Amino acid sequence: MKKVRFAPAPTGYLHVGGARTALFNWLYAKNTGGKLVLRIEDTDAVRSTEESTKAIFDSLEWLGIDWDEGPFFQSGRKEIYRKYAQELLSKGLAYESDEVKGAHKAVIFKLPDNRKIVVRDLIHADVEFDTSVLKDIVLMKSDGTAAYNFACVIDDHLMGITHIIRGDDHISNTPKQILLYEALGFPLPEFAHVPLILGPDGSRLSKRHGATSVGQYKKEGYFSKAFVNFLALLGWAPGDNREKMSIEEIIKSFSLERIGKKGAIFDVKKLQWLNGVYIREMSLEALTSAVLPYLEESGITNKDTDEDHFKFIISLVQERLKTFSEITELAGFFFAKDIEYDESAVKKYLLKEGVAGILGKIINEIEREDAFSAAALEKSFIGVKEEMNISNSKLIHPVRVAVTGSAASPPIFETMIGIGRENCLKRLKNTLSFLNAGKFPFKIQGPGANA
RNA sequence: GACCCCAUCGUCUAGUGGCCUAGGACACAGGGUUUUCAUCCCUGCAACACGGGUUCGACUCCCGUUGGGGUCGCCA
């Protein structure tokens, strides 16, 4: 039985690189019918925090990654590490440091001279190191806790890990760990070092490239299934051109052999596209509940809005959404008390000859008609069009800007129905008075916003 | 700097010596549908880093160069 592990240090939120490592481990376990162990590497008492641990659990849960054993905390296993350190000490393979840095004496592993260590890696070929380029390995720190390479080796052995799947950045630790496996008399596990996730400039993905924590992507309104799908395709490919894959399909096709050796740049554009694909396939119910928190948070939901009406509005923007959070931008005007206008839309469609007259006419037509349906609206629009002898677009565009504040919206009749008769009338009249006053409440353009 | 890893379109990748005038997806550009936007459809753009070998034949194998990345903590 294969057994893998995910072993994050709780010194910050779950990084997307860590998330992918966790995912690959999880996928490997699922694919082979093996087990996944979760181990929290909190030997650094100063930097490890409970919040981080919690954030990691939250993110793993959001991603849908569960584990079969653990979580084990290294902070609770000090005695175990101490025992093995003592063993190496008494065998003469390790020595105590003379440097006094803390309450204890650090225990350090003495490296053999000029030995070649070959790391057999499932992703890379064999990688050879010479011990002459390595330094002695700290086993126990002078604060009495175990150092990474030591705790890692002992735990991986004691927990029965058969395959160590971890980031590429650990490859240079591996020869040291192999030496420790040997010294301790532990059998060697298999290693698979997956390439790192890179930022747009090709260097390791970090904060300066933008969002790096899984929590951030959740917050920005990405659907966990889309995110996982995207992550799986970063450095791994099924080999048959599939892009959108269900988690079951991914599990079924997953293999270590198909993981690439090259670092992969995190392409947010592709994530957005994939997220849009998932959103378009969501049920209205699911999408509505996914999107609701964003509307509530920005305070634009209208409590009077009934469920069906709400869903109707969601259905209008569903295919336009790339992330859940965009709902406020795309559907905010349906709920807003007073709309703000996009400056360039006003210039383009409202500040034109005859627009005031056209808006006045459509107000009349709508007021004269009791019904407020697509059919009724169409009748009103045709009425104005014929009476004023104007083209459809001469009418539709100004009305759209008048009722939404924007030049882009879902189809005009549905949009108006979503806004409601009274609100439409009110906005039309407001627009008319702004037009007369020559002054509009313009939307503040955020950075990157385009008219 | 030392050691290690990596190298196909801008990006993610397919490709394991002939199937390659190198395939798909994202992005981008143009067009159609929608008198808006989005969706959808069509078209286009665009790559084997370079130089040597090996071979009847190299994107695929070997060597070198260049470029990029990672690691060099009593952090993990």
Side-chain angles (χ1 to χ4, degrees), chain A residues 7-12 18 40-44 46-48 74 97 99-102 104-108 119 121 123-125 127-130 132-152 166-176 193 195-196 198 200-204 230 233-244 257-258 260-274 276-277 279-280 316-322 330 345 348-349 391-397 399-401 404 406-412 415:
Chain A
T11 52
I40 303 299
E41 307 216 323
D42 56 350
T43 52
D44 185 335
V46 179
R47 298 204 306 166
S48 298
Q74 290 187 325
S97 171
E99 258 184 275
V100 180
K101 288 192 185 177
H104 304 258
K105 278 188 173 170
V107 179
I108 298 171
V119 179
D121 192 280
I123 292 170
H124 299 275
V127 184
E128 199 175 273
F129 293 86
D130 192 302
S132 61
V133 303
L134 269 25
K135 289 204 269 179
D136 287 359
I137 308 160
V138 176
L139 269 21
M140 299 297 290
K141 298 179 272 184
S142 49
D143 64 357
T145 62
Y148 166 71
N149 284 123
F150 193 47
C152 181
R166 78 220 313 189
D168 230 352
D169 50 340
H170 282 295
I171 202 154
S172 42
N173 280 318
T174 311
K176 299 183 201 171
H193 287 96
L196 299 177
L198 278 19
D201 64 353
S203 71
R204 181 200 200 124
F230 173 74
L233 258 21
L234 221 48
W236 174 82
D240 55 12
N241 290 341
R242 277 178 294 172
E243 299 285 342
K244 179 179 183 266
E257 295 76 56
R258 296 205 60 86
K261 297 178 189 173
K262 193 173 65 159
I265 293 175
F266 192 91
D267 182 5
V268 190
K269 279 273 185 17
K270 185 158 181 180
L271 206 211
Q272 284 173 349
W273 161 75
L274 195 57
V277 172
I279 285 178
R280 272 171 249 132
L316 294 183
V317 297
Q318 179 162 22
E319 67 186 16
R320 279 157 250 264
L321 247 27
K322 291 255 186 301
L330 260 45
K348 191 167 176 192
Y349 295 115
S391 69
N392 231 332
S393 61
K394 278 267 184 285
L395 175 57
I396 287 177
H397 293 307
V399 170
R400 171 175 287 115
V401 179
T404 70
S406 162
S409 85
I412 190 66
T415 296

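Letters go in sequence order (proteins before strands), and every chain restarts at 1. We use all heavy atoms of the structure for the numbers below, so side chains are in, but hydrogens, waters and symmetry mates are not. Bear in mind the structure is a predicted one, so any value in this text is a computation, not a measurement.
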Just how far, in rounded Å, is [atom2] of [N] from [atom1] of [X]?
X	N	atom1	atom2	answer
A:Arg47	B:rC75	CZ	P	8 Å
A:Phe150	B:rG73	CZ	C1'	18 Å
A:Ile171	B:rC72	CD1	P	14 Å
A:Asp267	B:rC28	CG	C1'	12 Å
A:His193	B:rU71	NE2	C1'	11 Å
A:Asp168	B:rU71	CG	P	10 Å
A:Leu234	B:rU13	CG	P	6 Å
A:Ile265	B:rC26	CD1	P	18 Å

Ignoring hydrogens and angles, are the base of B:rG23 and the side chain of A:Asn241 linked by a donor-acceptor pair under 3.5 Å?
-> yes

Give a yes or no on whether a donor-acceptor pair under 3.5 Å exists between the nucleobase atoms of B:rA76, that is its base, and the side chain of A:Asn173.
-> yes

Whole-angstrom distance between [N] and [M], as gauged at atom [atom1]:
N	M	atom1	answer
B:rC4	B:rU65	P	13 Å
B:rA25	B:rC9	C1'	12 Å
B:rA47	B:rC28	C1'	16 Å
B:rG15	B:rC61	C1'	15 Å
B:rC45	B:rA58	P	27 Å
B:rU11	B:rA27	C1'	7 Å
B:rC62	B:rU54	P	15 Å
B:rG53	B:rC59	P	15 Å

Opposite nucleotide pairing with [N], Watson-Crick or G-U, both atom distances under 3.5 Å:
N	answer
B:rG1	B:rC72
B:rC40	B:rG32
B:rC61	B:rG53

Using a cut-off of 4.0 Å on non-hydrogen atoms, how would the nucleic acid contact of A:Pro411 be classed: base, sugar-phosphate, or nothing?
-> base

Classify the nucleic acid contact of A:Arg166 as base, sugar-phosphate or nothing, counting any heavy atom under 4.0 Å across all strands shown.
-> nothing

On RNA chain B, more 5' by nearest nucleotide between A:Pro410 and A:His170 is A:Pro410

Could you pick out which residue, A:Ala106 or A:Asp169, lies toward the 5' side of RNA chain B when each is mapped onto its nearest nucleotide?
-> A:Asp169

Name the orientation class of the two ring planes belonging to A:Tyr349 and A:His397 (parallel below 30°, tilted from 30 to 60°, perpendicular beyond 60°).
-> parallel

A:His193: which of A:Asp169, A:Val127, A:Asp168 passes side-chain contact (heavy atoms from CB on, under 4.5 Å) | A:Asp168

Does a side chain donor of either A:Ser391 or A:Ser393 reach within less than 3.5 Å of an acceptor in the other side chain?
-> yes

